[in-house]
Novice: 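Sharing a structure, written as structure tokens. Questions coming.
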Amino acid sequence: MNNTIATRLIFEQSQPGRRSVSWPAAPLADVSLQDMLPASSLAASPPPLPEVGEPDVVRHFVNLSTQNMSVDSHFYPLGSCTMKYNPKRHERWAKLPGIIDVHPSQRDEDLQGLLGILYELQEMLAEIAGLPCVSLQPAAGAQGELTALLVAKAYFRSRGEERTAVLFPANAHGTNPASAAAAGLTCRQLAGGPDGLLDLEELQRAVNAQTAVFMITNPSTLGLFEPRIAEAARIVHAAGGLVYIDGANMNAIMGITRPGDFGGDMMHYNVHKTFTGPHGAGGPGAGPIAVRDFLGPFLPGPVVVREEQNGEIVYRRHTPASSIGRVRTFFGNVGILLRGYFYLRTLGARGVRDAAEQAVLNANYLKSSLADVLPARYGRYCLHEFVASAQQILQQRGLSAMDIAKRLLDHGFHAPTVYFPLVVPEALMIEPTETESLATLDAFVDALRKIILEEDPAVVKSAPQTTPVCRPDEVRAARQPMMCWTCPPAESIVK
Amino acid sequence: MNYLLQTPEQQQTMLQKIGVPSIETLLEQIPAELRLDRPLELPPALGELELDGELRQAAARTVGASSRVCFLGGGAYEHFIPAAVDELSGRGEFYTAYTPYQAEASQGTLQAFYEFQTLICQLTGMEVANASLYEGGTAVTEAAFMAMRVTGRTGPVIIPGGVHPQYQTVCRTYLESQDLSVVQTSLREGVTDLAALRSAITPATSCVVIQQPNALGMVEDIDAIREVVHASGALLVVVCDPISLGILKRPGDQGADIVVAEGQSLGIPLQFGGPYLGLLACRNDYVRKMPGRLIGKTQDRNGKSCYVLNLQTREQHIRRDKATSNICTNQGLMALRATIYLSLLGPHGLAELAELCCRRAHYLAQELARRTDVKVLSPKGFFKEFVIRHPQGGEFLKQKARAAGFDIGPTLEEFGDLPGVDPALRKEGVLVAVTECRTPEDLDGLVNALSN
Amino acid sequence: MAESLRYSKTHEWARGEGGEFVVGISDFAVGLLSDLVFIDLPEVGRKVAAGETFGEIESVKAVSELYSPLAGEVVAVNTELPDHLEWLNDDPFGKGWLVRLRVADAADAGELMSAEQYKAHCDAQQH
């Protein structure tokens, strides 16, 4: 069924003279371009892009799309990424005129509908976080982290404090230390306790007058709620620092407990995860942040505010008094934020909590069904995800987490996240989400059992066999990087 | 409606299998005193039909570009988007997939991004492009950090006033957090003042950022600027308008070291400022200093050509606090849109588009100068965007156009800080952008609106 | 493991040669990294302190910093090595050398571990 002609690189399909668009005639036909622009700035020929017709383009990209696994087509239990169903209605609404065609320089008075929606989204995110002030600006979770750290820095500076250290546990996402470094802060990693949870004594020893922010993912990347999070927050607060909650795993707790209620001063959401963005093959996301009221004045602008003017409700964009500036050119990744808004309006309070509970039930069902073959080292019960270890299987049967992941593809399942977090050897991080059926979960368990108990482990080690390619050579890719197609010398470059 | 599939009976089956009486037991790890003891205060749940009605009403209270005539510019533009871009990027196999960690299950995405990287190289004349960044302002910022890594210099980054004011703000927000700084140099007659630039550069200067065409729409003399910049050993970062490269020289052919751009013009809707598409391309020598995802070509176990995430050791999930950037994802779906868009246009489609925008913009400028009391900042030397002014102020012009159903802007006052723009022009000036979407009737309509 | 060399805790080795020291990384370290793809070495003339980072070595999924075992000035660099990373696997104590240092005080080498001590250090790391 593979159409290998259509999936040749688009450049290899180029035929000089072929085209897909035509434009109307331009005015000032009697004037040379050189009379409009400096001759030295004009190119002798256009860029050597491929020349293909619309049917070429359509068949090419349709065929490429079939070489992907996706939530629409497959179970995608990629831990930490919350690959839940992406409702089709969102796609329709995001394309409504008055939403998709709004220019960022339009006037607030022309944007009352859209600004009202964005204001309402800010309010909903504040409520779910238990933190009152929201900026929708950050383009992704990582940018949310950085933005919040800049807000914290500005806050401390306003108090005449020079705090420079960020603390985080060893199982943190790599973005936490990377964001801290980008914010000009130093990083200190905490080892954590033997139960996979925070070690409060270690935290107590680590905090001091230099501590700016303690960053923690809660629920953690092990899929566990930190039961002593409130004490941890008290320790950090007593030392004068702030607590940042990485909200990557909000899907487990929305409507059940709130970062602001368990000691967090700041947090980011991943709208593309928790509120079903979608993921777009690696973005765009949206990483709005929520913070305590005393941090609100430092948020990047603009935020949307609601005012009463002559008895009428009016929304307008506003830059907070002591704003850190901007972390992007325009308002935010509105297209993704809106999908989050549509989702929350569809679910309501009960639906949000039901989704969290079902996500927890699905994850525990998988955890318990796999306990004998793929044990999770930490936690009696998990929340929305769990981290199983294939170490025992590696020792007994020579099958690594990677082998198991690759063989799952042959069974029609996307692989879990592998080798993260680093604190678990041969980690398989499994997050089913709430939108999968019992039949799918059972089939996934069956597939994993079959793989692990496969009579001939060589079958697993040579997987995947049903995908377009099998185990690309990453060493070769990195040693001789080829990141750009170049025209074979025999062929002439299109002029 | 919450998209759940398990029936109550199935939930019971699952609980039994786990060996717990209820979901509550699973949640025991969340201390009771930290629980929310009430339902969230959210608006009531609505079904698809009801919410559809409400959203359509809200959208109708917003006046989108398509219901007014949009001459708005300043870094975001209403360009025409061929239907195939929406149709193909709207395939769930693309937009409901994630970062291609499992290469075997993601060859569609990986090959599309490899094609994207190649198209951006072809477009800009550079040797390697990444798989995209958030948007224009952050792309400029990432380029500045990258230039510091390449040169080992950490002095102030020099940004002449012709660079989009908000790009400058973003860059300052990021740099200043690391105790680095930005030095602005002024414009002279609408373009970068070479003498001011020369005197601002020091041996510690890592890079100079030039926007082409600049924020006032004017074409800069890149050759002259490059000589000044390279004489000091600093890198030349060029921020380009991708559409303009249909007719303007490619930055790579003019000696740019790093090229960045806002890629929104390449088939991405306006949607109130995002998601957009940050482009970044450079010389091969700097590839290991690049931020963001990179896709590489390799072979699989059976010798078949294929694509993988490459040079991942630069990234945050491996290098953590020493990563080249904290960026985690790219703007995948937007990069896909640009890939489809550029494939559809091809070299001649892009050249004709660029020429059409340019000629329509010049026609409008000529007619405004001829038939109204509006002054055009410069009769030539601009691409698709230009500044007009009036003694009664930019806002006056904007309101006048608005009353007739035309949106122009932003005014230079709204736009932001533009060093070297004299206070009178700042007060009187407003930007007008012309794309292929502005018909001859639109152009004449705006002239009429401003003529009486 | 080569007996006559001195070793640092971070797995670099040093070998005295006519008042200068040749520096490389041990076979143990190369084994830990596996599938090397890139090495970044310093420029000739660079002055380094003992324990200072002077380069980086990468595999596909990991990156490690290279630390100078001794204080001194880089007087030569194995410029062919980046194109022949297999030398690090095949001959880490010979063709796979990294840099040659002119050290300020040759007695500093006495602070480094002997082969025996280093072996114990590696054994401890494996457990």
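Proteins get letters first, then strands, A, B, ... in listed order; numbering begins at 1 in each.
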Novice: List for me each residue that meets side-chain hydrogen bond (donor to acceptor under 3.5 Å, both in side chains) alongside A:Ser20, sequence neighbours excluded, and say none if there are none.
Specialist: none

Novice: Identify whether the distance between the nearest side-chain nitrogen and carboxylate oxygen of B:Glu352 and B:Arg359 falls below 4.0 Å.
Specialist: no

Novice: Please determine, among A:Ser369, A:Ala182, A:Ala286, the option with the most heavy-atom pairs under 4.5 Å with chain B.
Specialist: A:Ala182

Novice: Which heavy atom of A:Ala139 sits nearest a heavy atom of A:Gln143, and at what distance?
Specialist: N-OE1, 2.7 Å

Novice: Please look at A:Ala281 and chain B and tell me whether the side chain, the backbone, both or neither of the residue comes under 4.5 angstrom of a heavy atom of that chain.
Specialist: both

Novice: Flag the one option from A:Gly348, A:Cys470, A:Ala478 with the top tally of heavy-atom pairs under 4.5 Å to chain B.
Specialist: A:Cys470

Novice: Rounded to the nearest 0.5 Å, what separation is found between the CG atom of B:Leu88 and the OG atom of A:Ser65?
Specialist: 8.0 Å

Novice: Can you tell me which portion of B:Ile23 sits under 4.5 Å from chain A's heavy atoms? Options are side chain, backbone, both or neither.
Specialist: side chain

Novice: Please determine whether a side-chain nitrogen of the Lys or Arg among A:Lys84 and A:Glu436 lies less than 4.0 Å from a carboxylate oxygen of the Asp or Glu.
Specialist: no

Novice: Just checking, any donor-acceptor pair under 3.5 angstrom between side chains of A:Gln358 and A:Asp354?
Specialist: no

Novice: Go through B:Ile222, B:Leu356, B:Asn302 and name the one with the most non-hydrogen pairs under 4.5 angstrom from chain A.
Specialist: B:Leu356

Novice: With a 4.5 angstrom heavy-atom cut-off, is it the side chain or the backbone of A:His74 that approaches chain B, or both, or neither?
Specialist: neither

Novice: For A:Pro38, is it the side chain, the backbone, both or neither that has a heavy atom under 4.5 Å from a heavy atom of chain B?
Specialist: side chain

Novice: Could you tell me which portion of A:Leu409 (side chain, backbone, both or neither) has an atom closer than 4.5 angstrom to a non-hydrogen atom of chain B?
Specialist: side chain

Novice: If you tally heavy-atom pairs under 4.5 Å against chain A, which of B:Gly137, B:Ala84, B:Gly332 wins?
Specialist: B:Gly332

Novice: Considering only heavy atoms, which portion of B:Arg293 lies under 4.5 Å from any heavy atom of chain A: side chain, backbone, both, or neither?
Specialist: neither

Novice: Where does A:Ser70 contact chain B at under 4.5 Å (heavy atoms): side chain, backbone, both or neither?
Specialist: both

Novice: Shorter than 4.5 Å, heavy atoms on both sides: which option in B:Arg35, B:Lys380, B:Lys304, B:His362 has the most such pairs with chain A?
Specialist: B:His362

Novice: Would you say the side-chain atoms of B:Glu93 and A:Gln67 include a donor-acceptor pair closer than 3.5 Å?
Specialist: no

Novice: In this structure, is the centre-to-centre distance between the rings of B:Tyr95 and A:His279 below 6.0 Å?
Specialist: no

Novice: With a 4.5 angstrom heavy-atom cut-off, could you sort out which part of A:His103 is near chain B: side chain, backbone, both or neither?
Specialist: both

Novice: So what's closer than 4.5 Å to chain A heavy atoms on B:Leu342: side chain, backbone, both or neither?
Specialist: both

Novice: Picking from A:Gly280, A:Ser368, A:Gly184, A:Gly130, which has the most non-hydrogen pairs under 4.5 angstrom with chain B?
Specialist: A:Gly280

Novice: Can you check whether A:Phe262 and A:Phe225 have ring centres sitting under 6.0 Å from each other?
Specialist: yes

Novice: One thing to verify: whether B:Glu48 and A:Arg89 come together as a salt bridge, which I'm taking to mean a side-chain N less than 4.0 angstrom from a carboxylate O.
Specialist: yes

Novice: Heavy-atom distance under 4.5 Å to chain B: side chain of A:Glu91, backbone, both or neither?
Specialist: side chain

Novice: Pick one of side chain, backbone, both or neither for A:Met483, based on which atoms fall under 4.5 Å of a heavy atom in chain B.
Specialist: both

Novice: In terms of heavy-atom pairs under 4.5 Å with chain A, which of B:Gln117, B:Lys322, B:Gln57, B:Glu315 leads?
Specialist: B:Gln117

Novice: Can any side-chain N or O of A:Asn333 pair as donor or acceptor with the backbone N or O of A:Gly285 at less than 3.5 Å?
Specialist: yes

Novice: Side chains of B:Thr109 and B:Ser106 only: does a donor on one sit below 3.5 Å from an acceptor on the other?
Specialist: no

Novice: Side chain, backbone, both or neither: which part of A:Ile117 has an atom under 4.5 Å from a heavy atom of chain B?
Specialist: side chain

Novice: Under a 4.5 Å cutoff for heavy-atom pairs, which residue among A:Val21, A:Val352, A:Asp261 has the most contacts with chain B?
Specialist: A:Val21

Novice: Counting only heavy atoms closer than 4.5 Å, note whether A:Pro24 contacts chain B via side chain, backbone, both or neither.
Specialist: both

Novice: At a heavy-atom separation under 4.5 Å, does B:Asp179 approach chain A through its side chain, its backbone, both, or neither?
Specialist: neither

Novice: Just give me the residue among A:Leu115, A:Val62, A:Val58, A:Thr66 that pairs up with chain B most often, heavy atom to heavy atom, under 4.5 Å.
Specialist: A:Val62

Novice: Please classify the contact between A:Tyr76 and chain B as side chain, backbone, both or neither, with a heavy-atom cut-off of under 4.5 Å.
Specialist: side chain

Novice: Who among B:Pro82, B:Gly273, B:Pro275 has the most heavy-atom pairs with chain A under 4.5 Å?
Specialist: B:Pro275

Novice: Looking at A:Arg92, I'd like to know if its CZ atom is crowded, meaning that more than 12 non-hydrogen atoms belonging to other residues, nucleotides or ligands lie closer than 6.0 Å.
Specialist: no

Novice: Could you tell me whether a side-chain N or O of A:Arg258 sits under 3.5 Å from a main-chain N or O of A:Glu127, the two making a donor and an acceptor?
Specialist: yes

Novice: Between A:Leu383, A:Thr467, A:Thr329, who has the most heavy-atom pairs with chain B when the cutoff is under 4.5 Å?
Specialist: A:Thr329

Novice: Measuring heavy-atom distances to chain B, does A:Leu9 have an atom under 4.5 Å in its side chain, in its backbone, in both, or in neither?
Specialist: both

Novice: Does any backbone or side-chain atom of B:Lys17 lie under 4.5 Å from a heavy atom of chain A? Answer side chain, backbone, both or neither.
Specialist: both

Novice: Give the minimum heavy-atom separation between A:His60 and A:Ile10, together with the two atoms involved.
Specialist: CD2-CD1, 3.7 Å

Novice: Under 4.0 Å between a Lys/Arg side-chain N and an Asp/Glu carboxylate O for B:Glu436 and B:Arg360?
Specialist: no

Novice: Which of the residues B:Glu28, B:Gln29, B:Gln166 is involved in the greatest number of heavy-atom pairs with chain A at under 4.5 angstrom?
Specialist: B:Gln29

Novice: So what's closer than 4.5 Å to chain B heavy atoms on A:Leu361: side chain, backbone, both or neither?
Specialist: both

Novice: B:Arg91 versus chain A, heavy atoms under 4.5 Å apart: side chain, backbone, both or neither?
Specialist: side chain

Novice: Would A:Arg19 and A:Glu54 count as a salt bridge (charged side-chain N to carboxylate O under 4.0 Å, His left out) if you check the C-alpha gap in whole Å, the side-chain angles of each, and the deciding distance to 0.1 Å?
Specialist: CA-CA 7 Å; A:Arg19 57 189 305 163; A:Glu54 186 172 319; over 6 Å; no

Novice: Of the backbone (N, CA, C, O) and the side chain (C-beta and beyond), which part of B:Pro44 lies under 4.5 Å from a heavy atom of chain A, both, or neither?
Specialist: backbone

Novice: Measuring heavy-atom distances to chain B, does A:Thr417 have an atom under 4.5 Å in its side chain, in its backbone, in both, or in neither?
Specialist: neither

Novice: Contact part of B:Asp52 toward chain A, heavy-atom cut-off under 4.5 Å: side chain, backbone, both or neither?
Specialist: both

Novice: Evaluate whether atom CD of B:Gln299 has more than 12 neighbouring non-hydrogen atoms of other residues, nucleotides or ligands under 6.0 angstrom away.
Specialist: yes

Novice: Compare every heavy atom of A:Ala230 with every heavy atom of B:Leu34, then report the nearest pair and how far apart it is.
Specialist: CD2-CB, 3.9 Å

Novice: Check each atom of B:Gln366 against the heavy atoms of chain A and say whether the ones under 4.5 Å are side chain, backbone, both or neither.
Specialist: side chain

Novice: Classify the ring geometry of A:Phe11 against A:Trp485: parallel below 30°, tilted from 30° to 60°, perpendicular beyond 60°.
Specialist: parallel

